[in-house]
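First comes the structure, then the notes that go with it.
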Amino acid sequence: MAFDWLSNAITVHGSFVTTPQLAIANPFAGIDHGVALWFHAHLTPALVGVLRGITEFGSSEWIGIVLGIAALFFIFKRWWPSLLMMVIAVPGGMLLNEYLKILVHRHRPFVDGWFVDWSGYSFASGHTIGATLLYGQLALFLVPVIKSRRGRILIFSAASFVVALVGFSRIALGAHYFTDVLGGIFFGMMWLTLCLLVARPLRRTMLPPVIADVLPQPMTDMVPVPVSVSAAPPVSRV
C-alpha cells in the first residue's frame, strides 16, 4: 500500500465535523477488483449462508462475548495484568482500526445486491483485525501453559486458520477487498506486537499465576550433597 501524504483532503459533514481523507495509490487495484467481481458473480444463496456463518467469528458481537467470558475468568483468578492486556489489545486495536477507516476513506467493493447490506468504509477489514487480535491474544495466553512444541504450533495454526477463514469470508461476500484483509491482518499483528513490548515489564507478574497451575511443585528435600572423592585403595600383588 502506497500512501500519498501530499494528497490530503478535508471532508465536511454538516457544520461541525471535519474528517481528514487520505488518498491511496493502490498498486493491487487490478487484483482487488478482479477477485471481488469474480466472487460477486459466482455466489449462491447456500454459499452466502455458509460465509455469513464463518464471518460471525470476527463480528463485534462474538468478540464481545468471548471477551466477557475471558474477563470474568481473569477477575475470578485475579489475574489483573492479563485482564488489562486483553482489554488494551483487542478493543483498543479495533477502535484504532475504526479511526483508520475514517482516515483512509475507502469505499466498499459493493453496496447494492441481493445479499449486500454493508455500511461504513472498507480499509482495513474490521472483522479481520478483530479476529487477528482476539485469537492471536488468546494464543499468546495459551502458549506459556503448553509444554510440547507440537502443542504450541497447533495453537498458533488454529488461530491463523480461523483468521484466514474470516478474512476469506469478507472477501467472498464483497464486504472488503483483498488488500483490506491483508491490511487488517498486518495492523492486527503490529498492534499485538506493540502491546507485548509495552507490557514486557508485566510478564513476570502475568506468567507465574498461569504456569503455577501446570508445573509440578518443586521438591525441597532434594538438595545437592557434596561428595568427597578419596583415592582408590592400592591393589595388592600376589
Side-chain angles (χ1 to χ4, degrees), residues 1-4 7-9 11 13 19-66 90 93-136 139 156-192:
M1 303 300 296
F3 292 90
D4 185 4
S7 300
N8 290 339
T11 303
H13 302 279
T19 303
Q21 183 174 339
L22 185 64
I24 292 182
N26 182 10
F28 305 102
I31 298 176
D32 275 345
H33 290 283
V35 172
L37 288 172
W38 189 91
F39 278 108
H40 195 71
H42 290 82
L43 285 179
T44 62
L47 182 57
V48 168
V50 173
L51 292 173
R52 283 186 177 273
I54 294 175
T55 200
E56 285 301 315
F57 287 98
S59 65
S60 57
E61 294 81 6
W62 171 254
I63 292 176
I65 292 173
V66 177
V90 183
M94 294 176 69
L95 287 176
L96 287 177
N97 184 67
E98 292 301 317
Y99 176 75
L100 179 63
K101 283 187 175 184
I102 298 174
L103 183 67
V104 175
H105 217 75
R106 176 190 284 181
H107 294 286
R108 294 184 183 271
F110 303 100
V111 293
D112 295 319
W114 60 271
F115 64 90
V116 177
D117 57 354
W118 322 127
S119 60
Y121 297 111
S122 187
F123 186 89
S125 172
H127 281 66
T128 305
I129 195 173
T132 303
L133 295 172
L134 176 64
Y135 303 114
F156 276 114
S157 299
S160 302
F161 180 70
V162 175
V163 173
L165 278 181
V166 172
F168 172 78
S169 69
R170 302 306 288 169
I171 297 172
L173 287 172
H176 291 283
Y177 291 108
F178 177 69
T179 51
D180 297 336
V181 170
L182 290 184
I185 295 174
F186 174 78
F187 287 118
M189 293 177 63
M190 291 300 100
W191 179 249
L192 282 180

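This structure is a prediction, so every number in the text was calculated from the model and none was measured. Note: hydrogens, waters and symmetry copies are ignored here, and every other heavy atom, side chains too, is used.
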Original post:
Can you find a pair of side-chain heavy atoms, one from Val163 and one from Ile185, that are under 4.5 Å apart?
Top reply: yes
**OP:** Answer whether the closest heavy-atom distance between the side chains of His127 and Phe57 falls below 4.5 Å.
**Re:** no
**OP:** Indicate yes or no: at least one non-hydrogen side-chain atom of Val90 is less than 4.5 angstrom from one of Met94.
**Re:** yes
**OP:** Kindly write out the residues that satisfy side-chain hydrogen bond (donor to acceptor under 3.5 Å, both in side chains) with Glu56, not counting sequence neighbours, or none if the list is empty.
**Re:** Ser59
Subject >> Atom of Leu133, atom of Gly188 and distance for their closest heavy-atom approach >> reply: CD2-O, 3.5 Å
Original post:
Quick one: does Arg170's side chain get under 4.5 Å of Asp180's, heavy atoms only?
Top reply: no
Original post:
Is there side-chain contact between Leu182 and Phe186, with at least one heavy-atom pair below 4.5 Å?
Top reply: no
**OP:** Heavy atoms only: give me the nearest Pro109-His176 pair and the separation to one decimal.
**Re:** CG-C, 3.6 Å
Original post:
Which atom pair, heavy atoms only, marks the closest approach of Leu43 to Leu173?
Top reply: CD1-CA, 4.2 Å
**OP:** Write down the atom of Thr128, the atom of Val181, and the distance for their closest heavy-atom approach.
**Re:** CG2-O, 3.6 Å
**OP:** Could you pull out the closest heavy-atom pair between Ala159 and Ala139, with the gap in Å?
**Re:** CB-CB, 4.2 Å
Original post:
Any donor-acceptor pair under 3.5 Å linking the side chain of Thr55 with the backbone of Leu51?
Top reply: no
Original post:
How about Phe39 and Phe168: are their ring centroids closer than 6.0 Å?
Top reply: yes
Original post:
So among Arg106, Arg108, His105, which one has a side-chain hydrogen bond (donor to acceptor under 3.5 Å, both in side chains) with Tyr121?
Top reply: His105
**OP:** Fit a plane to each ring of Phe187 and Phe123, take the angle between them on a 0 to 90° scale, and name the class: parallel (under 30°), tilted (30 to 60°) or perpendicular (over 60°).
**Re:** perpendicular
Original post:
Can you name the residues that form a side chain to side chain contact (heavy atoms under 4.5 Å, CB included) with Leu165, not counting sequence neighbours?
Top reply: Ile54, Phe161
Subject >> Euclidean distance, Ile129 CD1 relative to Trp191 CH2, rounded to 0.5 Å >> reply: 9.5 Å
